[in-house]
Amino acid sequence: MKDETKLVVAGRSPEDNFGIVNAPVYHASTVLYSTLDELQQRHKERSEGKQVVTYGRMGTPTTWSLENAVAEIEGGYRCQIFPSGLAACAHAIQAFVGAGDHVLVTDSVYGPTRAYCDNVLKRFGVETTYYDPLIGSGISELIKSNTKVVFVESPGSQTFEMQDIPAIADAAHKAGAVVIMDNTWASPLYYKPFEHGVDVSVQAGTKYIVGHSDVMMGTITATKEHWPAIQACANLAGQTAGPDDVYLAQRGLRTLSVRLKQHMENGLKVAEWLKGRPEVHSVLHPAMEHHPGHDLWKRDFLGASGLFSIQLKALERPALAAFMDNLELFGMGYSWGGYESLIIYADPSSYRTATKWDNTNPLIRLHIGLESPDDLIADLEAGFKRMNAIK
Ligand SMILES: *Cc1c(COP(=O)(O)O)cnc(C)c1O
């Protein structure tokens with residue numbers, strides 16, 4: 001089956017639910033058993049990896065509808081949901097490390113994942129080394145005997161460097177390290193991590209899976225070999241998500257292919273227009289030919305999402321504010337992946353440690369939503385007018 005079809009059918013079982021199309025929302029904590037035999041039998045089956053109901057926290061048919069669909073589309077063995085994308089990033093790492101271990105994390109990683117490493121991992125005696133996202137197979141020189149995890153994110157949060165994931169995975173595997181990828185940008189649809197050497201893939205489901213800016217959700221999908229560590233970590237740490245949110249996430253997933261196609265098309269149209277503007281220093285969009293990571297994107301990815309950054313030519317803060325304030329269609333706010341367009345300022349030079357980022361040309365991240373790109377362009381054009389009036 002093609003991905004578009006999988007998105008429609010995966011994880012659904014109307015035949016188990018009176019023919020009703022979508023998975024029911026099971027609100028559950030206590031689960032009742034009629035006999036001691038049944039209680040012990042179900043727990044035994046669950047310990048063997050079967051999807052049986054034992055207690056609310058351990059999953060219900062609502063949970064599995066999302067987990068099974070994500071696992072199938074991303075191409076992994078099984079999936080575990082988490083209450084946020086960050087919880088998924090944190091537990092993916094936590095599942096494979098202990099005191100005295102070392103992890104390698106890309107310098108372009110999502111900021112809160114970095115904060116988790118610097119604060120929590122450090123307190124538990126796990127050392128983090130950040131590496132140049134463009135390092136490729138050179139990562140082998142940074143791998144130590146206690147390196148348990150190599151964490152990749154491509155393209156990088158805010159800065160959009162493309163990583164050579166197969167090369168990095170190859171070096172990591174030679175040293176026995178687990179490769180974890182934050183695959184949020186491409187979603188399970190436009191990058192197939194397990195075909196490129198990734199062992200564990202994280203999604204901030206909050207973004208394109210949910211797709212409507214109204215739910216926090218995270219997923220971890222793993223290979224068969226790495227699945228038991230993920231499931232154990234989630235269960236031991238009590239990770240679960242509420243059924244209404246899980247329901248909304250599986251509902252959003254069904255339309256991912258049409259939404260993403262439009263985000264990509266609109267995003268490229270706006271990005272091309274921005275590239276021709278005199279106010280713009282550079283456009284950081286891996287699906288555009290001039291991008292230094294374009295060849296990697298073309299080699300490994302099946303599409304692009306609607307998220308990219310631009311660097312404006314150096315300007316004073318009032319001019320920057322005049323551009324960003326009062327946009328009509330671009331909301332100013334964090335997160336992304338909903339149907340609406342967003343704009344946010346970021347300064348990567350403030351957090352990079354392995355590489356230097358020059359912020360002379362201020363970085364603005366854009367999420368291009370499902371509005372008409374012509375209207376979005378007109379909105380940005382009016383912003384540039386306000387900006388130029390102040391300069
Ligand atoms: C948003 C985001 C996360 C975190 O997801 P939340 O659901 O907001 O916790 C992780 N990684 C990337 C790349 C993200 O953009």
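All ligand and atom numbering here is 1-based and tracks the order in the structure.
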Measure from every N or O atom of ligand 1 to the protein's N or O atoms and keep only the pairs below 3.5 Å, writing each with atom names and distance to 0.1 Å.
unit_1, atom_1, unit_2, atom_2, d
ligand 1, 7 (O), Gly85, N, 2.8
ligand 1, 7 (O), Thr206, OG1, 2.5
ligand 1, 9 (O), Gly85, N, 3.2
ligand 1, 9 (O), Leu86, N, 2.9
ligand 1, 11 (N), Asp182, OD2, 2.6
ligand 1, 15 (O), Lys207, NZ, 2.6
ligand 1, 15 (O), Trp336, NE1, 3.0

N/O donor-acceptor pairs under 3.5 Å from side chains in residues 169-178, not counting sequence neighbours:
unit_1, atom_1, unit_2, atom_2, d
Asp170, OD2, Lys174, NZ, 3.3
His173, ND1, Ala169, O, 3.3
His173, NE2, Gly197, O, 3.4
His173, NE2, Asp199, OD1, 3.2
His173, NE2, Asp199, OD2, 2.8

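No side-chain donor-acceptor contact under 3.5 Å links Glu153 and Ser108. No hydrogens or angles considered: a donor-acceptor pair under 3.5 Å links the side chains of His102 and Thr129. At a cut-off of 3.5 Å, with distance as the only test, a side-chain donor of Glu340 or Ser213 sits close to an acceptor on the other residue.
With a 6.0 Å cutoff to the six-membered ring centre and a 45° limit on the axis angle, Arg114 counts as a cation-pi contact of Tyr130.
Taking the six-membered ring where the residue is Trp, Trp227 and Tyr77 present perpendicular rings, their angle passing 60° and hence far from 30°.
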